There are 2 protein chains.
Amino acid sequence: MKPFSSYQNPSLAVDLVVFGYSKQQLSVLLLNRKEAPYQDGWVLPGAFLQMEERFRDTCSRVLKTKLGMDDVYMEQLYSFDEPERDPRGRAIAVAYYALVNPARVAIAAGSMANDVAWFNIKELPELGFDHRAIFDMAVQRLRSKITYFPVGFELLDEQFTMPELHELYECILDTTIDRRNFRRKILDSAYIISTGTKREGAQNRHPDLYTFNKQLKQNSFQINV
Amino acid sequence: MKPFSSYQNPSLAVDLVVFGYSKQQLSVLLLNRKEAPYQDGWVLPGAFLQMEERFRDTCSRVLKTKLGMDDVYMEQLYSFDEPERDPRGRAIAVAYYALVNPARVAIAAGSMANDVAWFNIKELPELGFDHRAIFDMAVQRLRSKITYFPVGFELLDEQFTMPELHELYECILDTTIDRRNFRRKILDSAYIISTGTKREGAQNRHPDLYTFNKQLKQNSFQINV
DNA sequence: CCAAAAGTGTTAATTGTACACCCATGC
DNA sequence: GCATGGGTGTACAATTAACACTTTTGG
């Protein structure tokens, strides 16, 4: 058995669509490039895959370096192979999307704080490379995913109220959802559990607090849009 | 702007899960390896990505070479990055799955006819590399996909009968489906059109022939399992 | 005219949708 | 005690699931 001959291989990068939800806004994390191509333009954060690294490790490295974040939910999105996608040469990108709670993240801790910013997903600047296409696919995937799997919890605090979860869904799906029917479906799925406590401090009735049921591995629900 | 420095990059291969449906059996195409590793073992067909090639081009090249097939339906599945997945060295695989009609394909036309064979998906031999994982994901994706999008037609003849389509679904989903409810859902989706003709030659009542509605771009149905 | 397979329709059960009232809180 | 937002239930509509009879064909 021979090892691989030293063929020329395309560069292999991992690009990340990092979603954050805060103040009823769904945002995505962008990086301001300091070098050509797309100097001073905005792009998705990413990095080249190191030789013995797995995609997830590359993602974690980027998230750690640029945001000081650990333990982030992520999922492989798609691999992009358009030959002209990088003007520097042939480069393949494996895209991942990540869901983070910006409140728990200190961008300031990263080494590139000045170059990183959250953008509301409806007000994105023009993106370099093919990153707009990657972003679009990520939004589509996220929208599809939350309708049948509880990924939304990744964007919220450990404990959250039903109205918070409801607003998150309305924001991501960009629609209105009857709150009473929403509550019933989510609770029926058993993916969330009441903590038995209420959020104090509101000027009105104190809403019940819930938490994600991590025990539950297999179940399903369906939020229709 | 500098071109990429000559970093070392992992090898990049495309692996294909080719599904074929024939005689009420769903099969997958495997290749018998002549070289180590996994000599004399069975693996998914695949090839290394050439420098200016897109994934789909690589797929087409493999399908043409090994099966003499053109114009095959294919879809990107997932990218596999386990460091030990290839004993020869670091290699990334971008997996695609393809749907073909074996009746329209002459494996004999390929240059490697003796090394290629169809296997019923329930009776697979042990597979080399991480190809069993790739295959498993492909089956899962195909099952999911046909419940809401008409990919099944790719596996059938240009014209087909309702009982044929019904059997295909039962075979792929490995379940029984009420044929009357199935017919209604498929017809309601408008993805198939009656040709107005019937299949002759059967010893019983001649079934109506249908064809895929290529005009219809956006629609949806839902076959529940 | 009989056996085998294909076409068709109806009813009950389940699920989804629309909608309104009561409750707790702070001021 | 009132304004605000959160909790809950119910009736109607739509969809899905279960099911049986009729039709066509070849032998």
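Bear in mind the structure is a predicted one, so any value in this text is a computation, not a measurement. Naming: A, B, ... by sequence-line order, numbering from 1 per chain.
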For the backbone of Asp40(A) and the side chain of Asn32(A), can you confirm whether one donor and one acceptor N or O come within less than 3.5 Å of each other? yes

Using a cut-off of less than 4.0 Å, is there contact between a side-chain N or O of Asn224(A) and OP1 or OP2 of dT17(C)? yes

dG7(C) phosphate, OP1 or OP2, under 4.0 Å from Arg180(B) side-chain N/O: no

Donor-acceptor check, side chain of Asn213(B) to backbone of Leu216(B), threshold 3.5 angstrom: yes or no? yes

DNA chain D nearest-nucleotide lookup for Arg179(A) and Asp178(B): closer to the 5′ end is Arg179(A)

Stepwise salt bridge (charged side-chain N to carboxylate O under 4.0 Å, His left out) check, Arg132(A) with Asp136(A): CA-CA 6 Å; Arg132(A) 178 73 204 195; Asp136(A) 287 342; 3.2 Å; yes

With respect to the side chain of Gln203(A), which nucleotide from dG26(C), dG7(D), dC21(D) is positioned closest? dG26(C)

Could you tell me how far apart Arg199(A) (CZ) and dG6(D) (P) are, to the nearest whole angstrom? 11 Å

Once the angle between the rings of Phe153(B) and Phe212(B) is folded into 0 to 90°, is it parallel (under 30°), tilted (30 to 60°) or perpendicular (over 60°)? parallel

State whether Arg183(A) places a side-chain N or O below 4.0 Å from either non-bridging phosphate oxygen (OP1 or OP2) of dT8(D). yes

From the list dG16(C), dA6(C), dG7(D), which nucleotide is the closest neighbour of the side chain of Lys185(A)? dG16(C)

So what does Arg184(B) touch, heavy atoms closer than 4.0 Å: a base, only the sugar-phosphate, or nothing? base

Kindly say whether, by distance alone, the side chain of Asn204(B) makes a donor-acceptor pair under 3.5 Å with the base of dA3(C)? no

Hey, mind stepping through Asp15(A) and Arg85(A) against salt bridge (charged side-chain N to carboxylate O under 4.0 Å, His left out) and telling me if it holds? CA-CA 13 Å; Asp15(A) 285 328; Arg85(A) 58 179 298 282; 3.4 Å; yes

Please report, rounded to the nearest Å, how far the C1' atom of dG6(D) is from the CG atom of Leu165(A). 14 Å

Phosphate-side-chain proximity, His206(A) and dG7(D), N/O vs OP1/OP2 below 4.0 Å: no

What is the separation between atom CG on Leu209(A) and atom P on dG6(D), rounded to the nearest whole Å? 12 Å

Proximal nucleotide (of dC19(C), dA6(C), dG6(D)) relative to the Asn181(A) side chain: dC19(C)

Can you classify the ring geometry of Tyr78(B) versus Phe80(B) as parallel (below 30°), tilted (30 to 60°) or perpendicular (above 60°)? perpendicular

Give a yes or no on whether Glu126(A) atom CD has more than 12 heavy-atom contacts from other residues, nucleotides or ligands under 6.0 Å away. no

From CZ of Phe221(B) across to P of dT15(D) the rounded distance in Å is 17 Å

Taken to the nearest whole Å, CD/Glu164(A) to P/dG7(D) is 10 Å

Secondary-structure stems, DNA chain D, at least 3 Watson-Crick or G-U base pairs under 3.5 Å: C:1-27 with D:1-27

Whole angstrom value for the distance that separates P of dT16(D) from OH of Tyr148(B): 17 Å

To the nearest angstrom, how far is Asp208(A) atom CG from dT25(C) atom P? 11 Å

Calculate the interatomic distance between Phe182(B) atom CZ and dA6(C) atom P; express it in whole Å. 13 Å

